[in-house]
Amino acid sequence: MNAIASYLMLVDGHWTEAEDGRRLHSVNPATGEIWACFPEAGIDDVDRAVKAAHRAMTEGPWSRMTATQRGKLLHRLSELLVENAETIAQLETADTGKLIRETRSQTRYVAEYLRYFAGAADKLEGATLPIDKPDLFVMTVREPIGVVAAIVPWNSQLLLAAVKLGPALAAGNAIVLKASEHAPVPLLEFGRLCEEAGIPPGVVNIVTGLGNPCGQALTTHPLVARVAFTGGLSAARQVIRNSAENFALVTLELGGKSPIIVCDDADLDSAVNGILAGNFGASGQSCVAGSRVYIQSNIFDDVMERVRKRTQSIRIGDPANETTEMGPLATADQLTRIEQIVAASVGAGAVLVAGGGRPAGQTRGFYYDPTILACSQGGVPVARNELFGPVLSAFRFADDAAAIAAANDTEYGLAAGIFTRDIGRGMRIMRQLRSGIVWMNTYRAGSPLAPFGGFRSSGYGRESGRDSLLDYTRTKTVWIDTATKPMGDPFTMR
Ligand code: NDP
């Protein structure tokens, strides 16, 4: 067995253990073996990190830097990320089981997000208002909000951290990032790059620990002014409740049960690739997984046959291998949960078209076959619950109205896909879908320029894009009396 790698967390510019010395470990999903360990932050550690961030904002060099200087530091960080992409990708693959090809290209692309926010740092402008009162000059100033608490899950953690850290730092805030208990290592490595880039101590703190007490202490802390959370519904509900304590401004990026609608005039090669990308990319462990597929009845059998064929030829195996197409799930619990939901769905009448079990020959690790279920009614567990795994539920639809109604029949509203050659038809469907993102004739595309976020139980607020930067600022309105006469007596009405 290989030696276990040991990591520390970043608090106030120091790499530290938890105050009480407790530690957690990370399991490599491809082997099922512990490969790394790291501190388990408690309430006192979180307090130290938040206070350090607060000091950095109020007393340190960060508080005196110009926006242009902050932008340059973010720019340097983005360059360092590209230079260190291979190392970070290998760590992320070991930590999460994601394909090396995916972690490598995603890490490089995360640098683009940082570059975007680096460039935006000195374009944050206030306004002068043509106010309706003589002699008064009124302007707005955009200020950083304060200490940002950023909480991320284990999947795409670098990206999910960058869309919070980028705008937070560009706007002049300091941040405490809470990594996931399951896979914090790439974020810790990213912390080293923040130091190397020259970001002053205390501006970026990275704590590792459990949702409770670590995330709980962070989101209730009185010095936290802004919470950016990505994760599941139950933790999100707790985070909202916590904000009643400190009045922190909260944005939430939550789960999804996203529909893909395939119309009978679609380019079927695109549609099949969209369905595969939406369900089996990252082993289906994606918040935007298009896990409810609605196919028009007259092309249902044809599309299903094409999807089945390609699904059964997906190369499953070691995610560190360059030719592997699908790796394991991230945790053993995930594997068990998916097995249970698929079994319950088959019990409720869903028909297994492909997969439905652990791949033959995989004796260790948390592997699950890419799975297709044909369903006749939307109530089956596989169509209701976010699985976060490689499981696709497929339905027939007769006309567009029926497809839209079925697609909207979910508590979530994160993403949706439409495949049609008729753009007018696609636009009509798009207008009626209740989701924050709609992809037409493509799926899972993303960019730092494009707002990302959901409706309803998929959360609120947007990450990426110009508006997300404004969410890390607060507005101060400044009134100046320019009259030559002194201010009038308040009790003399004019
Ligand atoms: P969880 O909600 O379990 O965890 C997310 C993060 O919240 C973890 O860091 C977790 O800590 C922390 N947390 C848990 N409880 C609390 C609490 N009381 N207070 C503060 N923080 C807490 O989600 P998963 O890790 O299981 O991630 C999967 C979920 O994330 C899915 O629902 C998925 O859809 C969603 N997601 C959404 C995305 C989006 O952008 N919309 C993108 C990616 C994922 P711990 O370390 O203990 O786990």
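In each ligand, atom 1 is the first atom listed, and ligand 1 is the first ligand listed.
- Residue contacts with ligand 1 for Leu414 involve side-chain atoms from C-beta outward but no N, CA, C or O (heavy atoms, distance under 4.0 Å).
- Salt-bridge check for Arg462 with Asp471: failed, with every basic side-chain N at 4.0 Å or more from each acidic carboxylate O.
- Between Glu86 and Arg104 there is a salt bridge, since at least one side-chain N of the basic residue sits less than 4.0 Å from a carboxylate O of the acidic one.
- Atoms of ligand 1 found under 4.0 Å from any heavy atom of Leu210 (numbered from 1 in listed order, with element): 47 (O).
- Among protein heavy atoms, the minimum distance from atom 32 (O) of ligand 1 is reached at Glu386 OE1, 2.7 Å.
- When only interatomic distances are considered, the shortest N/O to N/O separation between Leu254 and ligand 1 falls below 3.5 Å.
- Taking each of Gly231, Gly454, Gly211 in turn, the one with a heavy atom nearest to atom 17 (C) of ligand 1 proves to be Gly211.
- For atom 27 (O) of ligand 1, the closest non-hydrogen atom on the protein side is Pro153 CB, 3.2 Å.
- Annotation: atom 18 (N) of ligand 1 to nearest protein heavy atom, Gln216 OE1, 3.1 Å.
- Put simply, atom 3 (O) of ligand 1 has no protein non-hydrogen atoms near it, under 4.0 Å away.
- In this comparison of Arg237, Lys178, Glu253, the heavy atom closest to atom 10 (C) of ligand 1 sits on Lys178.
- Distance from atom 33 (C) of ligand 1 to its nearest protein heavy atom, with residue and atom name: Phe388 CE1, 3.3 Å.
- Nearest to atom 23 (O) of ligand 1 among the protein's heavy atoms is Gly232 N, 3.4 Å.
- Side chains of Arg456 and Thr410: a donor-acceptor N/O pair is absent below 3.5 angstrom, by distance only.
- Applying the side chain to side chain donor-acceptor pair (under 3.5 Å) rule to Glu112 yields the partners Arg115; only residues at least two apart in sequence or on another chain are considered.
- Residue contacts with ligand 1 include Gly209, since one or more of its heavy atoms lies under 4.0 Å from the ligand.
- The protein heavy atom nearest to atom 26 (O) of ligand 1 is Trp154 NE1, 4.1 Å.
- Of all the atoms in ligand 1, the ones that sit under 4.0 Å from a non-hydrogen atom of Phe229 are 2 (O), 7 (O).
- Around CZ of Arg466, the count of heavy atoms belonging to other residues, nucleotides or ligands within 6.0 Å does not exceed 12.
- Under the 3.5 Å distance criterion, with hydrogens and angles disregarded, a donor-acceptor pair is assigned to the side chains of Thr251 and Arg226.
- Looking at Asn242 next to ligand 1, no N or O pair under 3.5 Å apart turns up.
- Checking Asn441 against Ser270 by side-chain atom types alone, no donor-acceptor pair falls below 3.5 Å.
- For Ser180, the heavy-atom gap to ligand 1 drops under 4.0 angstrom.
- Taking only nitrogen or oxygen atoms, main chain and side chain alike, Glu181 reaches within less than 3.5 Å of ligand 1.
- Taking all heavy atoms of Ile151, Leu24, Leu233 into account, the minimum distance to atom 21 (N) of ligand 1 is reached by Ile151.
- Short contacts between ligand 1 and Gly255, defined as distances under 4.0 Å to a heavy atom of the residue, involve ligand atoms 32 (O), 34 (O).
- A donor-acceptor pair is defined here as one N or O able to donate and one able to accept, closer than 3.5 Å; no such pair exists between the side chain of Thr220 and the backbone of Asn242.
- Listed here is the closest heavy atom pair of Ser345 and Val380: O-CG1, 4.3 Å.
- Contact check on Arg23 versus Glu17 returns a salt bridge, with a Lys/Arg side-chain nitrogen under 4.0 Å from an Asp/Glu carboxylate oxygen.
- Heavy atoms of Asn155 found under 4.0 angstrom from ligand 1 belong exclusively to the side chain.
- Side-chain atoms of Thr324 never come within 3.5 Å of backbone atoms of Ala320 as a donor-acceptor pair (strictly under, hydrogens ignored).
- Protein heavy atom nearest atom 42 (C) of ligand 1, with residue, atom name and distance: Cys287 SG, 2.9 Å.
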Determine, stepwise, if the pair Lys178 / Val207 fulfils side chain to side chain contact (heavy atoms under 4.5 Å, CB included). CA-CA 5 Å; Lys178 184 209 155 312; Val207 291; 4.1 Å; yes

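- Between Phe117 and Tyr113, the ring centre distance reaches or exceeds 6.0 Å.
- Taking distance alone, with nitrogen or oxygen atoms compared against 3.5 Å, Val152 approaches ligand 1 more closely than that limit.
- With ligand atoms numbered from 1 in the order given, ligand 1 contributes 18 (N) to contacts under 4.0 Å with heavy atoms of Gln238.
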Give the table of side-chain donor-acceptor pairs shorter than 3.5 Å for residues 274-281, with sequence neighbours excluded, one pair per line with atom names and distance.
from	atom 1	to	atom 2	distance (Å)
Asn279	ND2	Ile275	O	3.0
Asn279	ND2	Gly290	O	2.9

